[in-house]
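Note sheet for the following structure.
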Amino acid sequence: MSTYLVYTAGGVLLYALGTYGLLARRHLIHKVISANFMGSGVFLILIGLGNRSPEGGPDPVPQAMVLTGIVVTVALTALGLAIVKRYYTATGIDNLDDEPSAGGDR
Amino acid sequence: MGDPRHFPALLPLLASGGVLAFVGRAVLALPPTASGLAVEMRDGAKASGIKNVVTAVLLDFRGYDTLLEIAVLMLATVAVLSLREDPAALSRRIAGRAGPVLGALTRTLAPLMILVAGHLVWVGSSEPGGAFQGGAVLGAAGILLVLSGYAQPAWAGQRIVRWVLTVGLLAFIGVALYPMFGGGSLLQYPAESRKGLILFIEILLTLSIGASILSLFLASASATAGGERP
Amino acid sequence: MNVLAQLPGLLVAVPLAGAAISFVAGRRRAPHVAITTAFVVLGLAVALAVHVLDGGPFRYHVGGWGAPLGIDLVADGAAALFLVLTAIVGLVVTLYATAYFRTDDETAYGHGLFWTLWLFMWTSLNALFLTGDVFNVYVCLELVGISAVTLVTIGGGAEALRAGARYLFASMLGAMTYLLGVALLYAATGQLDMDVLRTTLVADTTAATGLALMIAALVLKTALVPAHFWLPAAHGSAPSPVSAVLSSLVVKGSYFVILRLMLDVMPAGYLPGVDIFLGVLGSAAIVWGSVQALLQTRIKQLVAYSTVAQIGYLFLVFPLARHGADVLTLALTGVLVHALSHGLAKAGLFLGAGSLMTRFGHDRIADMGGAVRSTPALTFGVALAGVTMMGLPPSGGFGAKWLLVSAALASGEWWWAVVLVTGGLLAAAYMFRLLSVLLTDAPTELHASKGDVRTEWLPLALALGAVLLVLAIPLVSNLAAASNVLIHAGVTP
Amino acid sequence: MIGVFDILLVGTLLWIAFGSLNENKLFKSVVMFIIFGLFMAIAWIRLGSPDVALAEAAIGAGATGALMLDAVGHLRSRATPYPTGHESRESDDG
């Protein structure tokens, strides 16, 4: 047992929690938040496991991957929230369980 | 637990429990020491003259990931713009509701953040920092300025705004293509101009990441202030 | 500059530049940028295919580093095939879209941003077919995902927004799971390059878990039953040119990565049972998707469920690949022909369905009687696409099924052949349901009395391509022989 | 060596994440999400990744948080024109 394992285990738990939230929470914004937690979980696992270097100092490759991942996640989040807002304005619905009453689309 | 009908549902519980067991087992099976590509990367970075190895990985060894990532950011901005309800909404005032506290905070914080962003880019090749961090701070400063009403971008999809959003990506593509004319491959900076080109890209990326993050916020925020549905 | 050596880099950089320029160009000039880009990319893709046929597969070191330090692109026969398919469908869809999307309406279709989004998607598909790096796949998948979701919602209807939201969450789940898989794989092996992984992969719990997660995520993105729940709504409610691209190309992007991981990167039997499991899911997809297609009353929903079924065929290669080089060669050529023929025919069907909906002003199959009299070229195109979908001779679909059935029989596992034949019969049933209405000689009342030449004839062009593909099977099999899967399996010297 | 600080930090992260997902009032959920981002930044520094910490604070907590607050505000400002029945119970934040 060592420090990297604490953060990695936290990452795994966080990922599982996010998965649960994404599938179980009803409100769309809660789903977006859940996906972000999943992302943070993966990032913790990446960098946690990159901290196993015997000669000290974390592996730079996972760090670069996480930096990329953070930017990608904010892009996904922005798109998700934009769709949620537009959908809510159009229908007044904030989840995926209810069906919109009038679906007029080509 | 919140909504008794939805939160403790069986399928999500099984899914996340399964993930926990499956991934947990895999993590515990790992040896306690491993160095991945760290050694190769450090040696490579030493040869290329960039002291911050993370920056070297992002902009040099795996610069292709970064090129596509800038594309992701610009794509997301375009995506959010395409989801606007009313194209005119963007040109309306979206802020100007700062209280005295936020106002004072912004007056101190925003210039500081812009300085920090510049500093991050400048030191990025040797210390923690670089285009991503600098750009993010720059974008955050922009959001703060807009929220407190100090900046009023004429955000109307005009040519100039489109250019600001695109120029970073276009310049990056240009720099990526440039080595091809000398027989190199995509993003293969010539050794003699490598450091200069990387710094040039860093500065461009900082501005374009900052602009993208700010416009991600503006494009969506203005939809709120755009008034009622037509 | 030696253009031939630079083709992989150009195939990504050119459409990316096109996307950026189309955004700056504005609503009116963007279509011209898109058309220009489409022609250039088609030229580059064909050149790459010819180059690979001539000189075999090659690797392209982005940044000049080479794996494991840098990222490598892999130009082999299979990648070239998918790139050419993307370019052909892409060009036709671009031309069709110039007629389909009105450019004079300020608010219509994402404020004219369709072109930029579409070129971004094209870039990401090209990048996905070329990449040889498992983390780079993640970035490409995100580019595909974001552009696809946005293109679904671009019409702005409530149904499309709902479908887009569902698609986005499926996409997020897939992306995070894929990245988790990469994290475990990298932690176990310290490598990200597929070719390095291929030569260094040893039995290891963590690496196997990582690869299993990656494949699960890709299966979700490919919409293989039972992970297809997001597809029919998304493909059915998107604007028709978008549906065409989603069904014909986007699902193949993630499929292609599965193909690489399963048949090239992992040694045979590395994930025991997964190959058979994927084959079983594929069979289930063929049956379930076809039955659902039979039950649909709206034309685009029928076509979308047909995609669910057709995706199934692509997964039959995995159980067949266990039976030696000859069966693998037949099966791989079969799925490649199937991917091409489905790509062309399905794009034709969706474009045709879109034109029919524009002409009739609704999407109810039952009320589309007499289409053959009022819109002969269009109806003929839809019918011809249907023929290749059923696998009737002579068509690309027939060639694909023939190869796959031969592979199944040669493998001794005849039950895959039963699945293939059943799938063909079911496809005939649902296509016949549609065609029997369209081909009736009933008087019709059209919503739009005149159709644009592009929306009338382009579906027919794609369908003809899918039929004539049967003549190009020797070419496809040469490209299959030049794919890394067969080279590393020792089939091609 | 397991540091007490590390265990406390990871525990806090998980606790905040759970709280954010278990909270029915959206506004509170989002605020907890932003606080989570700040704690993540500390975790990155502990893991020797100051580059990631900077990005997390600015993007993860900052920009993402601003986007989410804006979305919550949007949903709240449009909540009135629609008759109840469509909205789930989770959106009535106070």
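Note on naming: letters A, B, ... go to the chains in the order of the sequence lines (proteins, then strands), and numbering restarts at 1 for each one. No hydrogens, no waters, no symmetry mates; every other heavy atom, side chains included, goes into these values. The model shown is predicted, which means the values in this text are computed figures rather than measured ones.
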Write out all pairs satisfying salt bridge (Lys or Arg N to Asp or Glu O under 4.0 Å) with one or both partners inside residues 54-63 of chain D, taking only residues at least two apart or from two chains. none
How many angstroms lie between CG in A:Leu13 and CG in D:Leu13, if you round to the nearest 0.5 Å? 11.5 Å
Can you tell me which of D:Gly60, D:Ser20, D:Gly37 forms the most heavy-atom pairs within a distance under 4.5 Å of chain A? D:Ser20
After noting the C-alpha distance and the side-chain angles of D:Asn24 and A:Arg25, does the key distance pass the side-chain hydrogen bond (donor to acceptor under 3.5 Å, both in side chains) rule? CA-CA 10 Å; D:Asn24 280 346; A:Arg25 288 305 317 230; 2.7 Å; yes
For chain A, which residues of residues 39-49 of chain D have at least one non-hydrogen atom nearer than 4.5 Å to it? D:Met40, D:Ala43, D:Trp44, D:Arg46, D:Leu47, D:Gly48, D:Ser49
Please round to the nearest 0.5 Å and tell me the distance separating atom CG of D:Leu75 and atom CG of A:Leu81. 9.5 Å
What is the minimum heavy-atom distance between D:Ser29 and A:His30, and which atoms define it? OG-NE2, 2.9 Å
Non-neighbouring partners of A:Ser34 that pass side-chain contact (heavy atoms from CB on, under 4.5 Å), sequence neighbours left out: A:Leu22, D:Leu21
So for D:Leu9, is it side chain, backbone, both, or neither that comes closer than 4.5 Å to the heavy atoms of chain A? side chain
Euclidean distance, D:Phe18 CZ relative to A:Tyr20 OH, rounded to 0.5 Å: 8.5 Å
For D:Val10, check side-chain contact (heavy atoms from CB on, under 4.5 Å) against everything at least two apart and list the hits. A:Val6, A:Tyr7, D:Leu14
Passes side-chain contact (heavy atoms from CB on, under 4.5 Å), D:Phe36 versus A:Leu14? Steps please. CA-CA 12 Å; D:Phe36 173 87; A:Leu14 202 52; 3.5 Å; yes
Do the side chains of D:Met32 and A:Ile33 get nearer than 4.5 Å, heavy atoms only? no
For the side chain of D:His74 and the backbone of A:Val84, is there at least one donor-acceptor N/O pair under 3.5 Å apart? no
Which region of A:Ser40, side chain (C-beta onward) or backbone (N, CA, C, O), has a non-hydrogen atom less than 4.5 Å from a non-hydrogen atom of chain D, or is it both or neither? both
Begin from the C-alpha positions of D:Val72 and A:Lys85 and carry the test side-chain contact (heavy atoms from CB on, under 4.5 Å) through to its verdict. CA-CA 9 Å; D:Val72 173; A:Lys85 290 195 296 187; over 6 Å; no
Which of these passes side-chain contact (heavy atoms from CB on, under 4.5 Å) with D:Ile59: A:Thr77, A:Val74, A:Thr73? A:Val74
For residues D:Val52 and A:Ile70, report the shortest heavy-atom separation together with the two atoms involved. CG1-CD1, 4.0 Å
